[in-house]
Structure formats: C-alpha cells, structure tokens
There are 2 protein chains.
Amino acid sequence: MTEYLLYYWPGIPGRGEYVRLVLAEGGADWIDVEREGAPDGEPALSDILSDTSRHHLPFAPPFLKHGEVVLAQTALICDYLGGRLSLAPEGKKDRRFALQLALTIADLVAEAHDIHHPVAAALYYEDQKQAAARAAETFRDTRIPKFLGYFEQVLKANPDSQDWLVGETRSHADLALAHTVDGLTYALPNAMEAALEDHRRVRDLSRRVRALPAIAEYLDSDRRQAFSEHGIFRHYPELDA
Amino acid sequence: MTEYLLYYWPGIPGRGEYVRLVLAEGGADWIDVEREGAPDGEPALSDILSDTSRHHLPFAPPFLKHGEVVLAQTALICDYLGGRLSLAPEGKKDRRFALQLALTIADLVAEAHDIHHPVAAALYYEDQKQAAARAAETFRDTRIPKFLGYFEQVLKANPDSQDWLVGETRSHADLALAHTVDGLTYALPNAMEAALEDHRRVRDLSRRVRALPAIAEYLDSDRRQAFSEHGIFRHYPELDA
C-alpha cells in the first residue's frame with residue numbers, strides 16, 4: 001500500500017513541488033493523486049476539501065494524506081515528512097530553524113507569485129500588466145538581493161557544514177531553496193544571473209541539490225512537471241531586467 | 001529576570017500583536033524590547049539582525065528571544081510559546097493542526113496587507129491606489145467569505161468543543177483568528193459587518209477571545225497599540241464596501 005498521498009492541482013510544479021522533492025529525496029513510496037489516480041478506497045482532492053465532517057480540514061492544496069493524518073501548509077508538510085524521511089535536522093532547535101527557513105522561503109515564493117498577479121490571483125495577468133511591471137522592478141532590485149543575502153548569511157554561519165543551510169547534511173529547507181532558485185531563474189533569468197553571481201553560496205547550494213542522485217533521477221523523470229506561464233514562477237520577458 | 005523578549009517595530013500592532021496576545025493570555029513575563037527597552041546585557045533588534053556570527057538568524061521581525069533561543073516567523077513563535085504557556089493543544093496531531101491554522105491565518109493576513117499595497121510594500125499607498133481598489137474588491141467579495149467560511153467549518157467540526165478551533169479550550173490559533181477579525185473589522189467595517197453576520201461562529205469566537213480576562217486586561221492596557229494607517233490593517237474608506 002502506498003504510504004504517502006500528495007494532493008495538488010495537476011499541470012504545474014506549484015507549491016506541490018516542494019513536497020514532491022522531499023518525497024523523492026527521502027525515497028518515499030508516494031502517489032501524486034490528481035495526476036496518477038487515487039488508490040482504491042482513497043478520496044480525491046475535492047472529496048477531502050468538501051468533507052464537512054472532517055475537523056483537520058485543509059484550506060487549500062497542497063496537502064498530504066498519510067494514513068489518517070491530513071496535513072496542509074507546504075512548509076509544515078515538508079517538516080513533517082522531513083522528520084520521517086531523515087530530511088530534517090535531528091536536534092529540536094535546528095529542526096525548528098529548518099521550519100523557520102522553509103516558512104521564510106514560502107514568503108519569498110508568495111512575493112515571486114505576486115509580481116505577475118499583484119492585484120488579484122483571480123484576475124488575468126493581462127489585466128494587471130502595468131501593476132506587475134512596477135511590482136517586478138521592486139522585487140528584482142530590492143527583494144531578491146535581500147532574500148538571497150539572508151540565505152547566503154545563514155549558509156556562511158552554519159557551524160556544522162558550509163554546504164547546507166542547517167545541520168551537517170541536506171534538509172527539506174535546502175531542497176526548498178534550490179527549487180526556488182530554479183523557479184526564479186526560469187522566471188527572471190537576467191536578474192537571477194546577476195543575483196547568483198553575487199550570492200555564490202546560494203548558487204552552489206542549488207547545484208549541489210540538483211546533483212543529489214535521487215533528486216537528479218526525479219528531475220529527469222515524467223513525474224517532474226515543467227515550469228510554465230500557469231504556475232508560480234512565470235517567464236514574462238517584460239518583467240525581467 | 002524577564003523570560004521572554006519580543007522584537008518588533010514599535011508604533012503598530014502589526015504581526016507582533018499575534019505574539020503579544022499569546023504572551024498576555026499565557027501570563028508570561030515579557031518585554032516588548034523596542035518599546036520598553038532591552039534589559040541589561042540583552043541586544044536590541046538591530047543588533048540581532050546584523051549579527052553575522054548568528055546562525056539561527058531571523059529574516060525579519062517579529063522574533064522572540066527566550067534565553068539562547070531566537071525564533072522568527074509569527075505562527076512558529078506562537079506555536080513555541082503555546083507549548084510553553086498552555087496555549088497549544090496537547091496531542092501531537094491537534095498541535096500540528098493549530099499551527100496549520102495559524103499559518104492559514106498568516107496567509108489571510110498577508111492578503112489583507114496586500115489590498116492596500118498590491119504593487120510593493122516599499123511604495124506609498126497613494127502611488128498604488130488604483131490597483132488597491134481592484135485588489136480590495138476581489139478580497140472583499142471572494143477571499144473574506146472563503147477564509148471565514150473555512151474557519152466556520154473548522155469550528156463546526158471540532159469534536160472536542162463548539163467554542164474553539166481545536167481541542168477543548170482556547171489556543172494560540174483562536175487568539176490569532178480573533179485578532180485578525182478585529183483588524184479586518186477596523187480596515188473594512190462595512191464588508192466585515194456583512195461577513196460576520198454570515199459567519200456567526202467566527203464572530204462569536206472573536207467575542208469570546210476578547211472576553212478572556214487576561215486578554216481584556218491587555219486590550220485595556222498601554223501595551224496595546226491602536227490600529228492605524230501605518231499597519232497591516234488600514235482603514236481607507238474607499239477600499240471598503
């Protein structure tokens with residue numbers, strides 16, 4: 001029986017990708033339910049969201065089903081899986097810090113989404129292009145350097161390793177940062193080329209994550225979905241530097 | 001010696017308020033460092049943010065210092081304090097769900113902020129008024145009902161109590177939802193009057209939280225800062241229904 005069921009919208013990597021990377025690197029037995037089909041007797045995404053008898057209800061995908069546990073919020077799912085799949089630091093304080101980092105990455109991801117949808121996620125990009133151009137400029141000029149500078153500093157100050165954000169080895173926070181760098185590089189290749197030149201520890205971390213054997217195998221598989229102009233990270237050349 | 005040091009920008013309730021409410025309801029001994037002064041030998045906010053030797057570095061306020069622990073991310077701080085001050089559910093699954101709820105509330109708070117600053121937090125409201133009007137409309141018409149409907153559902157399905165979001169008694173998640181309702185009511189009184197009429201469990205929860213003796217005393221004290229047009233929840237009448 002498959003152990004982990006991931007529920008997320010099909011067709012984009014989206015926030016579900018942060019969970020997929022942890023499942024892949026952790027060697028888990030998992031199904032991406034909306035793409036691969038629910039196992040016999042297991043609910044579909046809409047069954048869970050509309051189940052009014054369920055107390056531990058998710059507000060929105062992604063969410064994870066693991067036996068009777070149903071858990072939402074990307075960073076919290078990654079912390080939960082990290083603890084089970086040896087992708088979270090062992091000490092309490094370091095584990096909490098990895099979750100803090102994952103939440104900080106989630107804030108960056110929300111800002112990255114909002115540059116193409118500053119007015120409302122429910123409206124088309126074409127109906128908010130002018131606001132998007134201004135949002136993207138601030139994001140490129142001040143927010144990317146601030147966030148990457150922060151992660152650079154964390155990498156530098158890790159007493160246990162110069163290669164990973166927290167602890168002696170890779171954790172879900174490293175996978176999340178690497179995917180975010182990949183997404184931002186897809187969306188804003190010019191801005192990110194310059195930013196990564198200034199933040200080489202972050203650049204090298206992303207390369208290190210992509211080279212992990214299980215991650216490399218996943219990235220090369222059919223389970224990996226491509227970035228596109230339907231997701232969080234969208235390449236609109238007019239928004240780049 | 002004061003046990004908990006809260007670091008946040010002075011002058012607004014902001015995200016720091018979620019932490020203050022937990023400290024107040026938990027009967028903690030705490031100092032709001034930037035307003036009340038750092039105790040002897042303790043760092044100021046800027047000292048912590050600029051300490052390049054610190055590995056567990058916050059990206060931004062609010063953050064908490066508790067002995068050697070420095071912790072950022074509002075919901076994570078509330079979960080940490082909740083565990084120490086009897087304001088988090090006891091069982092593992094319920095405690096995780098309270099954190100999931102706090103993170104969902106944080107998402108709502110970020111959306112509430114973005115209606116007056118859709119383009120960039122760094123720009124003036126006056127320079128993004130047109131985009132703000134459109135953002136506010138979508139937020140009022142679709143996002144408030146979606147979020148309040150979700151919390152209404154969670155309250156209804158709690159098997160242990162009809163009065164609180166999770167478990168038998170109040171947790172940090174209830175305090176956070178009540179404060180968010182208060183903030184939204186300050187910002188959008190007309191929209192919220194109608195929305196709370198449709199979501200009476202959420203309305204009653206907010207009243208219940210405000211009536212908790214320690215919360216009532218805090219709200220009446222000098223430590224409580226008023227909402228204003230410098231904070232997350234801003235009352236611009238043109239953005240209301």
Return yes when atom [atom1] of [X] has more than 12 non-hydrogen atoms of other residues, nucleotides or ligands closer than 6.0 Å, and no otherwise.
X	atom1	value
E168(A)	CD	no
Q130(A)	CD	no
E68(A)	CD	no
E90(A)	CD	no
E3(A)	CD	yes

Of the backbone (N, CA, C, O) and the side chain (C-beta and beyond), which part of [X] lies under 4.5 Å from a heavy atom of chain A, both, or neither?
X	result
L165(B)	backbone
R143(B)	side chain
V70(B)	backbone
Q100(B)	both
A131(B)	both
V69(B)	side chain
F147(B)	both
K156(B)	neither
T138(B)	side chain
D51(B)	neither

Quick one: does L103(A)'s side chain get under 4.5 Å of L103(B)'s, heavy atoms only?
-> yes
In terms of side-chain heavy atoms, does D94(A) have a donor or acceptor partner in H55(B) at a distance below 3.5 Å?
->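 Judged by distance alone, the side chains do not pair up.
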Without hydrogens or angle criteria, can the side chains of T104(B) and Q73(A) be said to hold a donor-acceptor pair below 3.5 Å?
->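 Their side chains do contain a donor-acceptor pair, which is all the 3.5 Å distance test asks for.
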When heavy-atom pairs shorter than 4.5 Å are enumerated against chain A, which of [options] gives the highest number?
options	answer
Y80(B), F139(B), F97(B)	F97(B)
L123(B), I77(B), D127(B)	D127(B)
A122(B), P58(B), A120(B), A75(B)	P58(B)

Between H56(B) and K93(A), what is the shortest heavy-atom contact and its length?
->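 H56(B) and K93(A) have their closest heavy atoms at CE1-O, 3.5 Å.
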L57(A) side, atom CG; F151(B) side, atom CZ - distance, nearest 0.5 Å = 10.5 Å
